[in-house]
There are 2 protein chains.
Amino acid sequence: MKQELIKKIPHKTIERLSQYRRALLLCYDKGQTYIFSHEIANIQHITAVQVRRDLMLIGYSGNLRRGYNIKDLIDLISEIIDNPDGQKVAVFGMGNLGRALSKYFKDRREKLSIVAGFDVNPDKVGKSYYGVPCFHIDDAKEIIAREGIKIGIITVPGAYAVETAKLLVEYGIKGILNYTPTPVEVPEGIFLEEYDMVTSLEKVAFYVKEAK
Amino acid sequence: MKQELIKKIPHKTIERLSQYRRALLLCYDKGQTYIFSHEIANIQHITAVQVRRDLMLIGYSGNLRRGYNIKDLIDLISEIIDNPDGQKVAVFGMGNLGRALSKYFKDRREKLSIVAGFDVNPDKVGKSYYGVPCFHIDDAKEIIAREGIKIGIITVPGAYAVETAKLLVEYGIKGILNYTPTPVEVPEGIFLEEYDMVTSLEKVAFYVKEAK
DNA sequence: TTTGCACTGTTAAAGTAATAACAAACTATG
DNA sequence: CATAGTTTGTTATTACTTTAACAGTGCAAA
């Protein structure tokens, strides 16, 4: 897969590739070897055209009669979205949400793993949650450097989101996933993704109201 | 606010309105009475033009010299996105994520509140988490009907997502927020919003890798 | 062998969203 | 009272995303 090609893949396609891979892994585990675009589409909430278009963008060609080779496609998607050397992640804020994420990602992805949690609560520091050791935030700098952690998930209370993000950038984190409702600022070159559960719920509430 | 106008508001604008209101509430609590479009924009990650365009869509006019009246704008946004009679929400799956949401929404919105949690674990049933009572899923039908719950958040393990969604629809839920990585199907007329943490993290990992 | 079917791969069109451009309005100030 | 500065409200443009249309291909079956 050429570098220039990868640069042109739209954000939305990257997201769908992640979802395709998940669906494909399930099928692969069941022993299925080939799959049609409309089968992938049925698993996710999209159309077969969308699937074919996405696969076209990554330069994968299927078999006209049998569809796509599941194993090959999984490998190609992995080649695109995974870092061959692996990617280490840390969670900042080991509250309910931080622990939910720790549990969730436990042994899910070979190339992507949460290796540390941070908190300020002395009751949590020193403990381990679902295999993720919890450290004091004061030790973050050292541990991030030592482990080579490049990605940080922010799950601290909203009031501390901004300062946490600032620290992470200072400590060398290159990608931030902010789950607090407070938007944070990052300098150029740091990838930021924010998701706000309050907004999502209010959106659902709005459309439920409107549907009446 | 006219009904036809509301119908034409784009999804993205609805999401931003929720975020504007949050920012406005903070300013209002600080005693600020007027705010400029670029001030709102600075709080969120958007441009002043975007803010003005969104407010145009909902038909709100600001003061040319002082900007927007914070109180009035909060009221107007609330009139649009809130249900005047309130909206009750239930969480299905009181694991870490379910409890995180329960805690998070505790007393946050007057018109939108989580009133019940459901689980199958007998250790959880009968307990209360952050003010949200946990019931057995077998009692969901009755409680949903009795309380008039219209929105369900799915935080069960992915393997149970599909059947849970099916149950909710059967029990009269009109809007679903699915936080499992497993896509679910809902019939026409039921609003569905899905968010997948795995995809988000993989997306961050991809762009961190590419930035190197 | 040829006809029909069921796919894929690609280009074209439509729909949606964000950005830019700019006129109009108000106020403060000299 | 005129002028400069600042901000709003709206239209126009551009960019992005999805959906539609359709040609091309291989297989199966008559």
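No hydrogens, no waters, no symmetry mates; every other heavy atom, side chains included, goes into these values.
Within residues 33-52 of chain B, the residues that place at least one heavy atom under 4.0 Å from DNA chain C are, in residue-number order, B/Val49, B/Gln50.
Of the possible polar contacts, none joining the B/Lys150 side chain to the B/Gln87 backbone as a donor-acceptor pair under 3.5 Å is found. Although no hydrogens or angles enter the test, the distance criterion places a donor-acceptor pair under 3.5 Å between the side chain of B/Thr155 and the main chain of B/Phe92. Between the A/Lys203 side chain and the B/Ile14 main chain, no donor and acceptor come within less than 3.5 Å of each other. Of the possible polar contacts, none joining the A/Arg21 side chain to the A/Ile74 backbone as a donor-acceptor pair under 3.5 Å is found.
Nearer to the 5' terminus of DNA chain D, by closest-nucleotide assignment, is the contact made by B/Ser61 (compared with the other of B/Ser61 and A/His11).
C/dA17 atom P lies 15 Å from atom NZ of B/Lys8, rounded to whole Å. Regarding B/Lys12, its NZ atom lies at a distance of 8 Å from the C1' atom of C/dA17, rounded to whole Å. Spacing between atom CD1 of B/Ile58 and atom C1' of D/dG9 amounts to 13 Å, rounded to whole angstrom units. As a whole-Å value, the separation of B/Met56 CE from D/dG9 P is 10 Å. In this structure, B/Asn63 places its CG atom 14 Å from P of C/dA25, rounding to the nearest Å. Going from atom CD of A/Glu15 over to atom C1' of D/dT17 covers 12 Å, rounded to whole Å. Regarding A/Arg65, its CZ atom lies at a distance of 12 Å from the P atom of C/dC5, rounded to whole Å. A straight line from CG of A/Leu57 to P of D/dT17 spans 11 Å, rounded to a whole angstrom.
Ring geometry, B/Tyr60 versus B/Tyr68: the interplanar angle falls from 30° to 60°, so the pair is classed tilted. Using a 30° and 60° split on the angle between ring planes, B/Tyr195 and B/Tyr179 fall in the perpendicular class, above 60°.
Among the atoms of the strands shown, none is found under 4.0 Å from any heavy atom of B/Thr13. B/Arg53 comes within contact range of at least one nucleobase, with a heavy-atom separation under 4.0 Å.
Among the candidates A/Val186, A/Ile154, A/Ile149, the single residue satisfying the side chain to side chain contact (heavy atoms under 4.5 Å, CB included) test with A/Leu168 is A/Ile154.
Here B/Arg16 reaches the OP1 or OP2 of C/dA18: one of its side-chain N or O atoms lies under 4.0 Å away.
Distance from the side chain of A/Tyr68 is smallest for C/dG9 among the nucleotides C/dG9, D/dG24, D/dT8.
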